[in-house]
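Following: one structure in structure tokens, then a few remarks.
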Amino acid sequence: QVQLVESGGGLVQTGGSLRLSCVASGRTFSPATMGWFRQAPGKEREFVAGITWSRFSTYYADSVKGRFTISRDNAKNTMYLQMNSLKPDDTAVYYCNRIPHLSRPQALDAWGQGTLVTVSS
């Protein structure tokens, strides 16, 4: 198992930016494909972005494409999500997790506490 700790959330106005971090510890961070998920109040958790170990391939949900950028620093066991042009619909708790493949975003580890992003209108 890998332990995951998300951070970087907060309250921001529409159009603002935030950078989320996910630090992994425990068994191994590599060579794992990683993903960011989010869960808005009253909604199911959704997969928003993913990145392979090599960083060569990435995935973005249509709702965040062009606004969010996923990256990772394997030496630091850390993954990032740069979120720009934030909208109220981006309000959610954001989580990270290992996934088998970008096309199969099934969480492989226990969920962390997540980090809350609130975008005010």
* Structure fact -> Taking every heavy atom of Arg72 against every heavy atom of Ile51, the minimum-distance pair comes out as NH1-O, 3.4 Å
* With sequence neighbours left out, which residue pairs that include part of residues 82-121 fulfil the disulfide (SG to SG under 2.5 Å) condition? -> Cys22-Cys96
* **Heavy-atom pair with the smallest gap, counting every atom of Gln113 and Glu6** => N-OE1, 3.7 Å
* So how far is it from Met79 CE to Asp73 CG, rounded to the nearest 0.5 Å? -> 12.5 Å
* Closest heavy-atom pair and its distance - Pro100, Gln106 -> CD-O, 3.1 Å
* Would you kindly confirm whether Val64 and Ile99 end up in one hydrophobic cluster when ILVMFWY residues are joined by side chain heavy atoms under 4.5 Å apart? => no
* Asked: To the nearest 0.5 Å, what is the distance between OG (Ser121) and CD (Gln13)?
  -> 9.5 Å
* Structure fact -> Rounded to the nearest 0.5 Å, the CE atom of Met83 sits from the CZ atom of Arg19 at a distance of 11.5 Å
* Shortest non-hydrogen contact between Asn97 and Ala110, atoms and distance -> ND2-O, 4.0 Å
* **Distance-minimising heavy-atom pair for Ala49 and Leu81** => CB-CD1, 4.1 Å
* Which pairs, with at least one residue in residues 104-120 and sequence neighbours excluded, count as a salt bridge (charged side-chain N to carboxylate O under 4.0 Å, His left out)? -> Arg98-Asp109
* Might you point out which heavy atoms bring Ser120 and Leu11 nearest each other, and give the distance in Å? => CB-CD1, 4.3 Å
* Given the rule in the side chain to side chain contact (heavy atoms under 4.5 Å, CB included) test, do Ser63 and Arg38 qualify, once you have shown the distances and angles that lead to the verdict? -> CA-CA 12 Å; Ser63 58; Arg38 69 185 181 186; 3.4 Å; yes
* Should Leu4 and Val48 be regarded as members of a common hydrophobic cluster, given that ILVMFWY residues are connected when their side-chain heavy atoms come within less than 4.5 Å of each other, either directly or indirectly? -> yes
* Side chain proximity check, Thr14 to Pro88, heavy atoms < 4.5 angstrom -> yes
* With sequence neighbours left out, write down each residue that passes ring pair (Phe, Tyr, Trp, His ring centres under 6.0 Å) with Tyr95, or none if nothing qualifies. => Trp111
* To do: Any pair with a residue in residues 65-88 that passes ring pair (Phe, Tyr, Trp, His ring centres under 6.0 Å), sequence neighbours left out, goes on the list, sorted by first then second residue, please.
  => none
* To do: Treating Ile, Leu, Val, Met, Phe, Trp and Tyr as nodes and any side-chain heavy-atom pair under 4.5 angstrom as an edge, say whether Val93 and Val5 lie in one connected cluster.
  => no
* Asked: Linking I/L/V/M/F/W/Y whenever any side-chain heavy atoms sit under 4.5 Å apart, do Phe47 and Val117 land together?
  -> no
* To do: Verify, without hydrogens or angle tests, whether Ser85 (side chain) and Gly15 (backbone) share a donor-acceptor contact under 3.5 angstrom.
  => no
* To do: Just grab all the salt bridge (charged side-chain N to carboxylate O under 4.0 Å, His left out) pairs involving residues 48-61, residues at least two apart or on different chains.
  => none
* Return yes if some donor-acceptor pair links the side-chain N/O of Thr91 with the main-chain N/O of Val119 below 3.5 Å, else return no. => yes
* Structure fact -> Value for OG1 (Thr33) from OH (Tyr59), rounded to nearest 0.5 Å, stands at 14.0 Å
* Transitive ILVMFWY side-chain link Phe37 to Leu116, under 4.5 Å -> yes
* **Results of salt bridge (Lys or Arg N to Asp or Glu O under 4.0 Å) for Lys65 - residues two or more places apart only** => Asp62
